[in-house]
> 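Following this message is one structure expressed as structure tokens.
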Amino acid sequence: MLLVIAYSRRARQSLRNVCRAHEDSVVRRFGRAALLEATEFGAFQALRLREKHGEAIQVERTRPFNEFAAVRP
């Protein structure tokens, strides 16, 4: 998954617009942040936001926590 965090007002508005327009690629929204699917389209949207707003958008690649795989038998 891709975690996209917006720091400025314009960046938050653009992130909201992307989330509303492309609900199929959004896993979850958190106000200033959103989790996008780790697909080519999700990456494209995240990088497009980063290109438009520069340092006001932070993009991080994450992976879900699986408590069953992380625990020793």
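Values below: every heavy atom of this structure, side chains too, minus hydrogens, waters and symmetry copies.
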> Do side-chain atoms of R50 reach the backbone of I57 as a donor and acceptor pair under 3.5 angstrom?
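Yes, because the side chain of R50 sits within donor-acceptor range (under 3.5 Å) of the backbone of I57.
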
> Quick one: closest heavy-atom pair of A33 and L3, and the distance?
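Taking every non-hydrogen atom into account, CB-CD1, 4.2 Å.
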
> Taking atom CZ of R29 and atom SG of C19, what is their separation to the nearest 0.5 Å?
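Between atom CZ of R29 and atom SG of C19 there are 5.0 Å.
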
> Is a side-chain donor-acceptor pair under 3.5 Å present for S8 with H53?
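Side chains of H53 and S8: no pair found under 3.5 Å.
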
> How close do L49 and S14 get, heavy atom to heavy atom, and via which atoms?
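Looking at all heavy atoms of both residues, the closest pair is CD2-CB, 3.5 Å.
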
> Verify whether one side chain among Q13 and R10 offers a donor that lies under 3.5 Å from an acceptor in the other.
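No, R10 and Q13 have no side-chain donor paired with an acceptor closer than 3.5 Å.
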
> Look up atom CD1 in I5 and atom CD in E60, then write down how far apart they are to the nearest 0.5 Å.
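Reported value, rounded in 0.5 Å steps: 7.0 Å.
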
> To the nearest 0.5 Å, what is the distance between CZ on F44 and CD on E51?
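Rounded to the nearest 0.5 Å, the CZ-CD separation comes to 10.5 Å.
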
> Does M1 form a side chain to side chain contact (heavy atoms under 4.5 Å, CB included) with R28? I'd like the steps, not just the answer.
CA-CA 10 Å; M1 286 189 256; R28 184 135 185 224; over 6 Å; no

> Is F30 reachable from L15 through a run of I, L, V, M, F, W or Y residues, each pair having side-chain heavy atoms under 4.5 Å apart?
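Unlinked, L15 and F30 end up in two clusters.
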
> With rounding to the nearest 0.5 Å, note down the distance linking OH in Y7 to CD in Q58.
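Separation between the atoms: 4.0 Å.
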
> From Q45 CD over to L36 CG, what is the distance, rounded to the nearest 0.5 angstrom?
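Result: 8.0 Å between the selected atoms.
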
> Among the clusters formed by ILVMFWY side chains lying less than 4.5 Å apart, do L35 and F65 turn up in the same one?
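No; tracing contacts between hydrophobic side chains, which count when under 4.5 Å, never links both residues.
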
